[in-house]
Structures are given as structure tokens and as C-alpha cells.
Amino acid sequence: MDTNRGAIAIVDDDGGVRMALRELLRSMGFEAVTFGSAEEFLDSGRTRQVGALIADVHLPGMTGAALVTALADAGCTLPALLITAHDDPATAELIRRAGPIPHLRKPFSDEDLLDAMQRALGT
């Protein structure tokens, strides 16, 4: 059995953010796997093996918002949460185009992350 089945995929180009989120999610009882880019996540073959996705809006190459849209277009209905450090109209537009997806602005509290993940997962 794949030990990462149901894990939350974290896609962020900042290694420190990836590791901090992974440890935070683990402390909340979630399993997590990390990826440095949208392309790395797509190339991993795990898009249908994870239970949810946390993606940074602004990534080099494919953005997190574009990743969510591409997954949906491919029929992958993965619950997703977008995160961003940016609070500007361009970022808001990227998030809006990705659909009705929960999003958080960095920095966010542990409680905000847990609440957003529960909303994304429908729990």
C-alpha cells in the first residue's frame, strides 16, 4: 500500500515554507508530501494518490492557481487550498480564475490553516 495515499500535497517553491507546512500538518494529524513546483507535482504521478493540495499561488513556471485549474480540467477533483504572500489585484484575479477555492494569505495561523483544510476537505 502507498503510505502517502490520502496525504496532503504541499507545492511551494520556498523550501522553508514546505518544511514548516509539512511539520505543522503532521502535528495536526495529517500526512504530507512536498513538491517545489507545480511541474514536479504533476510529473510525480501522485495527483490521484493524494487527498488534498496546498499550493502557493505564485510559483515559477505554472502557478498554483493554474495547477488547480489544470487538475480540474483533467477530471481530478482534488480538494485544494491556495496560499499567497501577495495581496494585490493580480493575485486576487489568479485566485478568482481558479474557482471557488479556499485561500489564505501568508503568514497565517495554525488555526486558520486547520480551518481552511477542513473546509477544503469538507469535514
Side-chain angles (χ1 to χ4, degrees):
M1 176 175 140
D2 181 356
T3 59
N4 291 320
R5 182 171 279 302
I8 297 171
I10 301 164
V11 181
D12 198 302
D13 58 319
D14 183 322
V17 170
R18 284 194 310 272
M19 295 308 111
L21 280 175
R22 183 184 69 198
E23 294 309 312
L24 178 58
L25 288 167
R26 285 182 176 173
S27 76
M28 295 175 173
F30 296 101
E31 287 299 318
V33 292
T34 63
F35 303 90
S37 70
E39 293 84 358
E40 181 185 347
F41 174 59
L42 291 172
D43 291 344
S44 75
R46 292 189 175 183
T47 58
R48 297 193 187 271
Q49 294 175 342
V50 296
L53 169 68
I54 298 175
D56 191 0
V57 172
H58 294 282
L59 295 167
M62 178 184 277
T63 68
L67 171 62
V68 169
T69 301
L71 289 169
D73 290 348
C76 183
T77 56
L78 190 62
L81 169 67
L82 291 172
I83 58 176
T84 185
H86 302 275
D87 187 18
D88 56 67
T91 299
E93 180 62 15
L94 284 172
I95 293 168
R96 186 194 65 73
R97 286 184 188 172
I101 296 168
H103 62 278
L104 291 174
R105 184 159 179 256
K106 299 174 193 175
F108 44 82
S109 71
D110 298 0
E111 294 79 20
D112 287 342
L113 177 63
L114 181 59
D115 180 58
M117 283 312 306
Q118 288 174 332
R119 280 184 289 137
L121 294 168
T123 59

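For the single chain, residues carry numbers from 1 onward in sequence order.
Proximity of Arg48 to Cys76: side-chain heavy atoms (C-beta onward) are separated by under 4.5 Å at one or more points. By the 4.5 Å heavy-atom criterion applied to side chains, Ile83 and Leu21 are counted as neighbours. You'll find the side chain of Glu39 stays beyond 4.5 Å of the side chain of Leu59, heavy atoms only. By the 4.5 Å heavy-atom criterion applied to side chains, Val68 and Leu53 are counted as neighbours. Taking 4.5 Å as the limit, some side-chain heavy atom of Leu71 sits within range of a side-chain heavy atom of Phe41. Side-chain atoms of Leu94 and Leu82, non-hydrogen and from C-beta on, never get closer than 4.5 Å to each other. Under the 4.5 Å side-chain criterion, counting only non-hydrogen atoms from C-beta, Leu25 is in contact with Leu113.
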Sequence neighbours left out, cut at 3.5 Å: what donor-acceptor pairs do the side chains of residues 86-93 make with other protein atoms?
from  : atom 1 : to    : atom 2 : distance (Å)
Asp88 : OD1    : Ala90 : N      : 3.1
Asp88 : OD1    : Thr91 : N      : 2.7
Asp88 : OD1    : Thr91 : OG1    : 3.1
Asp88 : OD2    : Thr91 : OG1    : 3.3
Thr91 : OG1    : His58 : NE2    : 2.7
Glu93 : OE1    : Arg96 : NE     : 3.0
Glu93 : OE2    : Arg96 : NH2    : 2.6
Glu93 : OE2    : Arg97 : NE     : 3.0

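For the residue pair Ala80 and Pro102, the shortest heavy atom distance occurs at O-CD, 3.4 Å. Listed here is the closest heavy atom pair of Ala32 and Arg26: O-NH2, 3.6 Å. Annotation for Leu104 and Ala116: closest pair CD1-CB, 4.0 Å, computed over non-hydrogen atoms. In this structure, Arg22 and Ile10 approach most closely via the heavy-atom pair N-CD1, 3.5 Å. Of all heavy-atom pairs between Gly64 and Ala55, the closest is CA-CB, 4.0 Å. Among all heavy-atom pairs drawn from Pro79 and Ala120, the shortest one is CB-O, 3.1 Å.
A single hydrophobic cluster is seen to contain both Phe108 and Met117, as judged by linkage of ILVMFWY side chains at heavy-atom distances under 4.5 Å, directly or through other members.
With rounding to the nearest 0.5 angstrom, the CG atom of Leu67 is 5.5 Å from the CG atom of Leu42. Here the straight-line distance linking atom CE of Met28 with atom CG of Leu114 works out to 5.0 Å at 0.5 Å rounding. Annotation: the span from Ile8 atom CD1 to Glu31 atom CD amounts to 9.5 Å, rounded to 0.5 Å. To the nearest 0.5 angstrom, Ser109 atom OG is 9.0 Å from Asp115 atom CG. Atom-to-atom distance recorded for Ile101:CD1 and Leu81:CG is 9.0 Å, nearest 0.5 angstrom.
When the ring-ring contact (aromatic ring centres under 6.0 Å, His included) test is applied to His103, no partner is found at least two apart in sequence or on another chain.
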Dump the intermediate steps for side chain to side chain contact (heavy atoms under 4.5 Å, CB included) on Val17 and Asp56, then the final yes or no.
CA-CA 10 Å; Val17 170; Asp56 191 0; over 6 Å; no
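Pairs engaging residues 8-18 under the side chain to side chain donor-acceptor pair (under 3.5 Å) rule: Asp12-Lys106 [sequence neighbours left out].
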